[in-house]
Amino acid sequence: MAGAGNADDPKLLGVWTSPFVIRVRIVLNLKGLAYEYVEEDLGSKSALLVGSNPVHKTVPVLLHGGRAINESQIILQYIDEVYSGTGPAVLPSDPYERATARFWAAYIDDKVRSAWLGMVFTCKDEEERAEAVARAGEALDTLEGAFGECTEAGKKPFFGGDGIGFVDVVLGGYLGWFGAVAKIIGRRVIDPARTPLLAAWEDRFRAADVAKGVVPDDVDKVLAFLQVLLAR
């Protein structure tokens with residue numbers, strides 16, 4: 001769990017609202033690992049962040065054993081491999097199931113990420129936001145079908161089966177922002193009427209111990225943070 005940390009513990013550089021940081025924190029929690037969390041100021045990035053990720057200069061960055069690991073999905077897989085004997089596995093052991101999980105995680109960061117950026121950051125007016133919300137809905141429709149296939153028509157609680165797995169944490173990282181968007185548009189992004197399996201999944205994911213205190217649940221605080229970002 002996050003704290004001051006020992007010298008050998010992983011250190012995570014992040015921003016509390018970042019979907020990509022959130023997913024890393026959830027996996028660290030899932031593994032039951034002690035780690036140090038360092039909140040970065042995107043308006044004044046630390047020398048440690050810039051030096052650890054000189055290509056993109058973005059969070060998250062995981063520092064472990066004197067080395068830096070960048071890009072959230074890569075970090076998740078690194079943690080799963082390095083700590084394979086600790087806590088539950090994040091990726092399935094079966095090669096086909098592992099490839100399938102990677103496929104859907106890549107789909108999420110292609111389709112859902114672009115829609116999220118449109119809903120929150122790049123929309124110039126309500127028409128553009130509505131278009132981004134529609135794109136998110138189309139992507140979530142596809143994920144509704146994927147969830148049914150992965151879980152025997154919803155008989156399992158998570159994409160990972162009985163427990164949270166790779167696809168769950170990749171999608172779950174966006175839920176804090178989905179809550180903020182819901183307040184703006186007046187309805188849930190993951191609509192129970194349209195995607196009931198995913199809506200039930202969202203409720204379970206938010207309630208999971210590994211997500212509590214990590215997935216933002218204070219919508220007003222997230223929206224206030226958004227205004228700070230947009231002002232920059």
Side-chain angles (χ1 to χ4, degrees), residues 1-84 86-87 90-91 102 105-106 108-110 112-114 116-122 166 169-180 210-232:
M1 300 298 173
N6 298 318
D8 295 332
D9 291 339
K11 176 185 290 188
L12 178 64
L13 310 183
V15 173
W16 66 279
T17 59
S18 166
F20 316 107
V21 173
I22 289 167
R23 59 179 60 157
V24 175
R25 297 187 71 182
I26 289 173
V27 165
L28 289 166
N29 289 345
L30 193 66
K31 289 288 189 179
L33 299 172
Y35 67 97
E36 181 181 357
Y37 176 68
V38 179
E39 181 75 13
E40 284 284 337
D41 179 358
L42 295 180
S44 180
K45 297 177 183 179
S46 71
L48 180 60
L49 171 60
V50 174
S52 300
N53 189 359
V55 176
H56 298 299
K57 302 178 179 63
T58 56
V59 294
V61 174
L62 186 74
L63 302 172
H64 184 230
R67 295 174 292 189
I69 304 94
N70 304 314
E71 300 298 318
S72 65
Q73 288 201 29
I74 293 172
I75 295 172
L76 301 184
Q77 294 177 68
Y78 173 86
I79 293 169
D80 200 32
E81 292 173 7
V82 170
Y83 297 99
S84 59
T86 303
V90 179
L91 278 160
R102 286 172 171 153
I108 290 165
D109 273 353
D110 177 19
V112 176
R113 178 180 180 273
S114 64
W116 163 67
L117 289 172
M119 289 187 290
V120 176
F121 295 106
T122 61
F166 191 61
V169 296
V170 170
L171 181 58
Y174 292 99
L175 293 181
W177 282 109
F178 281 5
V210 295
K212 290 178 180 176
V214 178
V215 175
D217 56 8
D218 187 334
V219 171
D220 291 332
K221 186 177 178 182
V222 174
L223 290 173
F225 186 80
L226 172 61
Q227 293 307 311
V228 172
L229 292 178
L230 293 177
R232 290 173 177 165

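- To the nearest 0.5 angstrom, Leu49 atom CG is 8.0 Å from Leu42 atom CG.
- Under the side-chain hydrogen bond (donor to acceptor under 3.5 Å, both in side chains) criterion, Lys11 pairs with no residue at all, not counting sequence neighbours.
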- Show the numbers, then the answer: is there a side chain to side chain contact (heavy atoms under 4.5 Å, CB included) between Val112 and Tyr174? CA-CA 9 Å; Val112 176; Tyr174 292 99; 4.1 Å; yes
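- With a 4.5 Å cut-off on side-chain heavy atoms, Val90 and Lys31 count as touching.
- Looking only at distances, no side-chain donor or acceptor of Arg23 sits under 3.5 Å from a matching main-chain atom of Gly173.
- Atom CZ of Phe20 is separated from atom CZ of Arg113 by 5.0 Å, given to the nearest 0.5 angstrom.
- The backbone N or O of Pro54 lies less than 3.5 Å from a partner atom in the side chain of Lys57, making a donor-acceptor pair.
- Counting only heavy atoms from C-beta outward, the side chains of Val215 and Ile26 approach each other to under 4.5 Å.
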Identify each donor-acceptor pair in which a side-chain atom of residues 223-232 lies under 3.5 Å from a protein atom, sequence neighbours left out, and give them as a table.
unit_1, atom_1, unit_2, atom_2, d
Arg232, NH2, Asp41, OD1, 3.2

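- Of the possible donor and acceptor atoms, none in the side chain of Asn53 sits under 3.5 Å from a partner among the backbone N and O of Asn70.
- Using a 4.0 Å cut-off between a side-chain N of Lys or Arg and a carboxylate O of Asp or Glu, Asp217 and Lys212 do not qualify as a salt bridge.
- Side-chain N or O atoms of Glu40 include one that pairs as donor or acceptor with a backbone N or O of Ser46 at under 3.5 Å.
- Sequence neighbours left out, not one pair with a member in residues 59-77 passes salt bridge (Lys or Arg N to Asp or Glu O under 4.0 Å).
- Taking all atoms of both residues into account, the shortest heavy-atom contact from Pro216 to Val222 is CB-CG2, 3.7 Å.
- The closest donor-acceptor contact from the side chain of Ser84 to the backbone of Asp80 lies at 3.5 Å or more, if one exists at all.
- Between the Glu39 side chain and the Trp16 main chain, a donor and an acceptor come within less than 3.5 Å of each other.
- When only modelled atom types and interatomic distance are considered, Gln73 and Arg102 share no side-chain donor-acceptor pair under 3.5 Å.
- Checked options Ile74, Thr86, Leu30, Leu62; the residue passing with Ile79 is Leu62 (criterion: side-chain contact (heavy atoms from CB on, under 4.5 Å)).
- Taking the six-membered ring where tryptophan is involved, the planes of Trp177 and Trp116 are tilted, since the angle between them lies from 30° to 60°.
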- Val61 vs Leu63, side chain to side chain contact (heavy atoms under 4.5 Å, CB included): CA-CA, chis, key distance, verdict: CA-CA 6 Å; Val61 174; Leu63 302 172; 3.8 Å; yes
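- Among all heavy-atom pairs drawn from Val21 and Pro60, the shortest one is CG2-CB, 3.7 Å.
- Ser52 and Ala68 make their closest contact through O-CB, 3.5 Å (heavy atoms, listed as atom of the first residue, atom of the second, distance).
- Taking both residues in full, the closest heavy atoms of Leu76 and Val24 are given as CD2-CA, 3.7 Å, listed atom of the first, atom of the second, then distance.
- Side-chain contact between Pro10 and Tyr83: present, with at least one pair of heavy atoms (C-beta onward) separated by less than 4.5 Å.
- Side-chain N/O atoms of Tyr35 and His64 include no donor and acceptor closer than 3.5 Å.
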